Amino acid sequence: MAFSADELRVLRRALAHALQTTPHPAPLGAPGPERSQDIQEYLRLAEAVDEAVREGGRLRAFLLADLARYREALPGSAAGYLAQLTEALSAGHVPGPDDLAALRSLTARPAGRAERERRSALLRHCEQLAEQSVRTRLRALPGGRSAARDGREPEPERKPEPERKPQPAPSPPKTPRRDRPIPTPGEVFPPRRRPAPPPESRTA
């Protein structure tokens with residue numbers, strides 16, 4: 001029976017929880033024979049899970065290295081590349097831009113009807129996996145949960161604009177006062193006074 005990486009992580013957490021919640025049959029909390037046997041079985045199973053995780057990592061690394069070699073030899077290695085890509089996808093590989101570009105190039109090349117449909121189906125499957133991976137990363141970003149749910153990219157955060165102080169309203173133009181009478185030209189420009197004649201000198 002094969003487990004995926006996520007299933008192995010769930011199984012490991014379940015084993016840890018089982019070790020913590022197994023009841024103590026002994027009266028003073030000392031482990032009895034049944035308790036000791038359960039603990040040993042849990043530990044052996046946990047070690048087997050850890051080894052399976054390490055083996056799965058080594059297998060994925062080998063598959064990815066082999067997949068890169070086939071991809072570099074395209075288009076002559078099309079059959080081997082498609083087989084390696086299918087196996088890598090089964091092992092949890094998320095196709096990247098290089099895989100998508102290689103599949104699009106192979107789909108555009110002439111081939112039989114069955115092979116062309118096979119390549120197109122694999123391309124659509126890889127595009128869906130890549131899109132799901134991008135949405136998962138977007139949900140992990142701050143502010144990206146609602147945008148990813150709607151299928152849109154999150155908008156960049158906008159900085160708040162500085163508050164603008166209200167400017168005082170312009171004062172109305174001053175109007176001339178109407179409570180004072182308008183001065184006459186005579187008041188503005190008073191008449192000049194004639195100089196007084198010099199006094200006449202008296203003769204003896």
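Since we're looking at a predicted model, the values are computed, not measured.
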Which donor-acceptor pairs under 3.5 Å do the side chains of residues 87-95 make with protein atoms, sequence neighbours left out?
from : atom 1 : to  : atom 2 : distance (Å)
S90  : OG     : T86 : O      : 3.0
H93  : NE2    : D99 : OD2    : 3.1

Going from CZ on R69 to CG on L67, what distance comes out if it is rounded to the nearest 0.5 angstrom?
10.0 Å
Atom pair CG (L85) and CG (L64), whose distance is rounded to the nearest 0.5 Å
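Answer rounded to 0.5 Å: 10.0 Å.
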For S77, what residues pass the side-chain contact (heavy atoms from CB on, under 4.5 Å) criterion, not counting sequence neighbours?
Y70, A73, L74
Give the cluster check for Y81 versus L123: same hydrophobic cluster or not, with ILVMFWY residues linked at side-chain heavy-atom distances below 4.5 Å.
yes
Between L122 and L106, is any pair of side-chain heavy atoms under 4.5 Å apart?
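Side-chain contact under 4.5 Å: no.
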Please tabulate, one pair per line, all N/O donor-acceptor pairs under 3.5 Å involving side-chain atoms of residues 127-134, not counting sequence neighbours.
from : atom 1 : to   : atom 2 : distance (Å)
E127 : OE2    : R104 : NH2    : 3.4
E131 : OE2    : R135 : NH2    : 2.9
S133 : OG     : R137 : NH1    : 2.9

Between the main-chain N or O of T107 and the side-chain N or O of R119, is there a donor-acceptor pair closer than 3.5 Å?
no
Identify, with sequence neighbours excluded, every residue that meets salt bridge (charged side-chain N to carboxylate O under 4.0 Å, His left out) alongside [X].
{"X": "D98", "answer": "none"}
{"X": "R58", "answer": "E51, E55"}
{"X": "R118", "answer": "E115"}

